[in-house]
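Worksheet for the structure shown next.
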Amino acid sequence: MATKVLLVTLLITSSILAITDAQSVGVCYGKVGSGLPSDRDVVTLYRNNGITKMRIYGPDQGVLQALKGTNIELILDVPNDNLQSLNDQGRANTWVRDNIQRYPDVKFKYIAVGNEVNPNNDNRRFVNFVLPAMRNIHTALRAAGLNNKIKVSTATYTGLLSKTFPPNDGAFDNNVRGFIEPIIRFLAQNNLPMLANIYPYFGYLNDPNSNLPYALFTAPGTVVNDNGRQYSNLFSAMLDAHYAAQARLGGENVEIVVSESGWPSAGGRAATIGNAGTYYRNLIAHVKGTKGTPRKPGRSIETYLFAMFDENNKPGAETEKHFGLFSPNKQPKYQLKF
């Protein structure tokens, strides 16, 4: 009898763990576009489509008001232009009071202190401000009794890596190490995750072999064999390159949350509705499952799709305007189950 009870208990426990691990994907809510719906309509669109996680790129009071009581988990960014001011602890305390403590019925999950800060481009002017701001926001959250509920991080991206192939050789650029290593060690010491923006679309564009099925999760079998670790999709390879790069700098056990991933539907090579729909459907299936990656198997991958809407005012390449899952009129571009 005791054996049967133990077996039932184990089955129930494993089922609960499986349900917990198979989390839904999130969607990033950018607003660099004209004719977008109101914040309340956007939040309703999230709820009607079963999207339970959101990322926003600054403390937009209208969005925060609309999120009250919804139970949608939130990544809230500190914009790069605000990082320097938050190197002052008093200002960091005020930022947390005004943008988090004022909204006790908003489900904050992560604070992304800076996005894609890179010593090798125009964002280098923010490099010295990221870690002090992270520390100060973390201290302010702890003082408010919120540090166990809300995790501090920063959003990195594959552009910080000088080597991504093979994945196990992933490494940060030499000029990036002085910036990123102290951040990784801070995250490791405080059991905080790293956020990373992972875009196989851009990896595909830079791939001399231009293997589209590998980027779209449609390759028929193994494409890359990295000392016995077999890769059939570029997303897993890129994510594991990030893990390998972190491991070299003391971050082997720092979990990575994929804070952006997407595929454009127009504006460039392989940017079509068909390819984007294939990518999003296969990405959702992959990250919600428990296969994980060859380096980090047996787990789902917390992932945020970029982005909710096409944003016609975004600068840069034409593709930047066409990452939306929905058109501004709220009509879905793809049939997706979040």
Side-chain angles (χ1 to χ4, degrees), residues 20 23-24 26-31 39-40 42-43 46-47 51-117 126-156 180 182-196 251 253-260 302 304:
T20 301
Q23 53 192 314
S24 66
V27 180
C28 302
Y29 174 25
K31 300 176 72 173
D39 294 326
R40 292 198 180 278
V42 171
V43 169
Y46 271 71
R47 299 180 77 181
I51 305 169
T52 60
K53 302 173 191 288
M54 177 188 288
R55 179 183 179 185
I56 59 174
Y57 293 90
D60 186 310
Q61 304 302 309
V63 180
L64 294 175
Q65 289 285 350
L67 285 170
K68 283 184 174 183
T70 64
N71 224 31
I72 292 174
E73 294 181 326
L74 185 67
I75 299 179
L76 173 61
D77 277 34
V78 175
N80 293 345
D81 288 338
N82 296 159
L83 294 173
Q84 184 174 5
S85 69
L86 298 184
N87 280 219
D88 175 86
Q89 185 64 64
R91 291 184 177 180
N93 295 345
T94 300
W95 192 94
V96 168
R97 182 196 69 203
D98 291 348
N99 300 307
I100 296 176
Q101 290 177 276
R102 275 182 58 194
Y103 299 95
D105 42 4
V106 172
K107 200 170 183 179
F108 298 97
K109 189 170 188 182
Y110 306 117
I111 307 299
V113 182
N115 183 53
E116 296 189 354
V117 173
F126 303 118
V127 161
N128 293 330
F129 306 137
V130 177
L131 182 55
M134 290 173 68
R135 287 195 177 115
N136 288 347
I137 293 291
H138 184 65
T139 297
L141 289 171
R142 188 169 60 235
L146 296 171
N147 58 302
N148 289 325
K149 292 182 179 180
I150 306 170
K151 305 297 184 184
V152 170
S153 188
T154 188
T156 59
I180 203 68
I183 289 174
I184 289 170
R185 295 192 180 278
F186 171 77
L187 297 176
Q189 289 163 5
N190 292 283
N191 193 30
L192 300 170
M194 179 71 84
L195 307 182
N253 296 318
V254 174
E255 180 189 0
I256 294 175
V257 173
V258 179
S259 44
E260 288 181 11
E302 187 173 358
Y304 293 74

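Bear in mind that the values here come from a model prediction, so they are computed numbers and not experimental data.
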Check Ile75 against Ala112 and note the closest heavy-atom contact, atom names and distance.
-> CG2-CB, 4.1 Å
Distance-minimising heavy-atom pair for Gly114 and Leu83 = N-CD2, 3.8 Å
By side chain to side chain donor-acceptor pair (under 3.5 Å), Thr52 pairs with (sequence neighbours left out) Ser24
Taking only residues two or more places apart in sequence, or in another chain, which ones meet Pro79 in a side-chain contact (heavy atoms from CB on, under 4.5 Å)?
-> Pro59, Asn82
Roughly how far apart are Arg135 CZ and Leu86 CG, rounded to 0.5 Å?
-> 14.5 Å
Evaluate the criterion side-chain contact (heavy atoms from CB on, under 4.5 Å) for residue pair Lys149 and Ile100; output intermediate values, then yes/no.
-> CA-CA 12 Å; Lys149 292 182 179 180; Ile100 296 176; over 6 Å; no
So how far is it from Ile72 CD1 to Lys109 NZ, rounded to the nearest 0.5 Å?
-> 13.5 Å
side-chain contact (heavy atoms from CB on, under 4.5 Å) evaluation trace for Tyr103 with Leu76 = CA-CA 12 Å; Tyr103 299 95; Leu76 173 61; over 6 Å; no
More than 12 heavy atoms of other groups within 6.0 Å of Gln84 CD = no
Stepwise side-chain contact (heavy atoms from CB on, under 4.5 Å) check, Phe108 with Leu67 = CA-CA 10 Å; Phe108 298 97; Leu67 285 170; over 6 Å; no
Distance in Å, Leu187 CG paired with Leu131 CG, rounded so as to fall on 0.5 Å steps = 8.5 Å
Selection residues 81-98 - residue pairs positive for salt bridge (Lys or Arg N to Asp or Glu O under 4.0 Å), sequence neighbours left out | none
So, the side chain of Asn136 versus the backbone of Asn87: is there a donor-acceptor pair under 3.5 Å, distance only?
-> yes
Salt bridge (charged side-chain N to carboxylate O under 4.0 Å, His left out) involving Arg102 - partner list, sequence neighbours excluded | none
Which pair of heavy atoms, one from Leu195 and one from Ser153, lies closest together, and at what distance?
-> N-OG, 3.3 Å
Roughly how far apart are Asn190 CG and Arg185 CZ, rounded to 0.5 Å?
-> 13.5 Å
Which residues satisfy the ring pair (Phe, Tyr, Trp, His ring centres under 6.0 Å) test with Phe129, sequence neighbours excluded?
-> none
Could you list all the ring pair (Phe, Tyr, Trp, His ring centres under 6.0 Å) pairs where at least one residue sits in residues 54-82, not counting sequence neighbours?
-> none
Does a donor on one side chain sit under 3.5 Å from an acceptor on the other, for Asn99 and Gln61?
-> yes
Output all residues satisfying side-chain contact (heavy atoms from CB on, under 4.5 Å) with Lys107, sequence neighbours left out; order by chain, then residue number.
-> Asn71, Glu73
In Å, rounded to the nearest 0.5 Å, how long is the span from CZ of Phe186 to CG of Leu192?
-> 6.0 Å
Give the minimum heavy-atom separation between Glu116 and Thr156, together with the two atoms involved.
-> CG-O, 4.4 Å
Using side chain to side chain donor-acceptor pair (under 3.5 Å) as the criterion, list what pairs up with Asn93, not counting sequence neighbours.
-> Gln89
Mind checking the NZ-CD spacing from Lys53 to Glu302? Nearest 0.5 Å is all I need.
-> 4.5 Å
From CA spacing to verdict: side-chain contact (heavy atoms from CB on, under 4.5 Å), Lys31, Val42 = CA-CA 11 Å; Lys31 300 176 72 173; Val42 171; over 6 Å; no
For Cys28 and Glu260, which heavy atoms make the closest approach, and how far apart are they?
-> SG-CG, 3.9 Å
Tyr46: partners by side chain to side chain donor-acceptor pair (under 3.5 Å), with sequence neighbours left out = none
Can you name the salt bridge (charged side-chain N to carboxylate O under 4.0 Å, His left out) partners of Lys151, sequence neighbours left out?
-> none
Can you list the residues that meet the side chain to side chain donor-acceptor pair (under 3.5 Å) rule with Asn115, with sequence neighbours excluded?
-> Arg55, Asn197
Taking the side chain as every heavy atom from C-beta outward, state whether Thr139 and Arg142 have any atom pair closer than 4.5 Å.
-> yes
With sequence neighbours excluded, tell me which residues meet side-chain contact (heavy atoms from CB on, under 4.5 Å) with Ala188.
-> Val254
Can you name the closest pair of heavy atoms from Thr154 and Val113 and give their distance?
-> OG1-O, 2.7 Å
